[in-house]
Amino acid sequence: MKINFTKMQGLGNDFVVIDAINQPIQLTIEQIRFLADRHFGVGCDQLLFVEKPISANAEFKYRIFNADGSEVAQCGNGARCFARFVRDKGLSNKDEIIVDTDARQLALRFDAGGLITVDMGVPALEPKQIPLNVSEQSKLYKVKLAEGEIEFAAVSMGNPHVVILVEDVVSAPVLTIGARLECHELFPERANIGFMQIINRRQIELRVYERGAAETLACGSGACAAVVAGIEQGLLDQEVQVHLPGGELTISWVGNGLPVLMTGAATTVFEGQITL
Ligand SMILES: N[C@H](CCC[C@H](N)C(=O)O)C(=O)O
């Protein structure tokens with residue numbers, strides 16, 4: 001089977017994007033892992049599928065698969081690449097695109113300067129919505145690991161995020177603690193693990209060990225979760241510049257019950273075809 005795909009990236013978080021409307025396909029977990037493999041396949045952090053919508057008011061459905069083959073319900077950097085893809089492929093000519101995902105609807109908007117703003121929906125903080133195996137909701141939780149006790153916040157953006165405050169993201173134990181917490185029993189659906197360094201009330205540095213993909217150069221939903229956690233703890237203002245290893249995002253959230261907005265770039269790298 002020959003598959004046409006587009007390789008894209010948002011702040012170095014990279015994607016294989018497939019138009020599954022004009023090229024209907026079903027891939028096995030093994031085929032997804034092969035496509036994502038950086039040595040034997042194309043290589044990406046996530047695969048994005050463009051499908052027909054479920055809801056009457058949406059233009060598309062957006063499906064996301066991590067490099068390990070797991071299907072998930074949210075991907076912020078991917079959402080911006082999705083918008084760029086459907087616009088460039090002539091699948092949509094709207095300035096605002098509504099897409100269904102497994103978790104929620106997203107609104108994708110093209111900004112004047114070529115950036116894309118995504119309404120990422122309302123963050124969820126209740127343990128059962130994360131999901132997080134604790135009895136009481138709290139702004140901060142504690143977990144004992146071999147490396148010591150870790151204090152963290154937990155936020156869902158439609159996918160589960162842990163946010164750990166660190167003095168310095170460069171020396172933070174991202175690969176060890178990230179890997180340990182990703183699959184910890186506290187998180188029945190695993191979790192994305194963010195390490196946040198606060199520069200000031202309007203700027204943070206962030207590194208994310210992603211569920212199903214290990215550390216990526218950027219995580220859009222992770223940036224949203226980190227800003228929500230920082231605002232909840234009274235440490236950040238409503239609009240924050242998030243500095244990730246792969247680039248910058250602007251995240252804004254005005255408070256409970258309201259959506260998080262994320263603005264950033266999305267770039268097409270190359271078109272390709274692969275035979276499975
Ligand atoms: N690893 C994430 C999916 C991709 C999220 C990330 N690439 C983003 O930009 O939000 C998860 O399993 O929930």
Side-chain angles (χ1 to χ4, degrees), residues 7-17 29 32-33 35-36 38 43-49 62-85 99 101-104 106 108 115-121 123-124 129-132 154-163 174-175 178-179 181-184 187-196 206-229 242-251 253 259-267:
K7 184 76 192 313
M8 302 186 77
Q9 58 88 8
L11 286 61
N13 182 198
D14 65 340
F15 309 100
V16 166
V17 188
I29 285 190
I32 289 169
R33 287 175 177 167
L35 284 172
R38 297 190 185 281
C44 63
D45 293 323
Q46 282 88 28
L47 259 86
L48 310 180
F49 275 40
Y62 162 43
R63 291 178 72 186
I64 305 131
F65 296 86
N66 282 315
D68 70 355
S70 56
E71 182 166 8
V72 294
Q74 179 63 284
C75 179
N77 291 320
R80 300 194 314 277
C81 288
F82 184 101
R84 169 83 57 229
F85 179 86
V99 291
T101 75
D102 275 350
R104 52 183 64 187
L106 304 178
L108 320 177
L115 297 180
I116 294 165
T117 294
V118 180
D119 174 334
M120 292 285 284
Q129 295 174 303
I130 305 292
L132 170 63
V155 180
S156 173
M157 289 305 304
N159 58 346
H161 286 273
V162 161
V163 182
V174 174
L175 300 183
L181 281 180
E182 177 205 4
C183 307
H184 193 279
F187 312 109
E189 295 177 11
R190 300 190 291 165
N192 300 282
I193 314 300
F195 296 78
M196 169 168 69
L206 181 70
R207 288 174 65 188
V208 182
Y209 189 95
E210 284 198 31
R211 175 177 62 172
E215 183 177 8
T216 58
L217 291 177
C219 180
S221 54
C224 296
V227 170
V228 167
V242 180
H243 306 284
L244 297 123
E248 319 292 318
L249 288 173
T250 303
I251 307 293
W253 185 51
V260 181
L261 300 183
M262 169 194 65
T263 299
T267 305

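Both counts, for ligands and for their atoms, begin at 1 and track the order of listing. Keep in mind that the numbers below use all heavy atoms, side chains included, and drop hydrogens, waters and symmetry copies.
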Donor-acceptor pairs under 3.5 Å, side chain of residues 217-227 to any protein atom, not counting sequence neighbours: which ones?
{"from": "S221", "atom 1": "OG", "to": "N159", "atom 2": "ND2", "distance (Å)": "3.0"}
{"from": "S221", "atom 1": "OG", "to": "H161", "atom 2": "NE2", "distance (Å)": "3.0"}

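Residue pairs meeting the salt bridge (Lys or Arg N to Asp or Glu O under 4.0 Å) criterion with at least one partner in residues 208-226, sequence neighbours excluded, are R207-E215.
Side-chain contact check for F65 versus F49: some heavy-atom pair is nearer than 4.5 Å. Contact check for K7 versus V16: side-chain heavy atoms found under the 4.5 Å cut-off.
Between Q46 and N77, the side chains place no donor N or O within less than 3.5 Å of an acceptor N or O (distance only, hydrogens not considered).
Among residues two or more places apart in sequence or in another chain, the side chain to side chain contact (heavy atoms under 4.5 Å, CB included) test is passed with A103 by A73, T101.
A heavy-atom cutoff of 4.0 Å around ligand 1 is satisfied by the protein residues N13, Q46, N66, V72, Q74, C75, G76, N77, N159, N192, E210, R211, C219, G220, S221.
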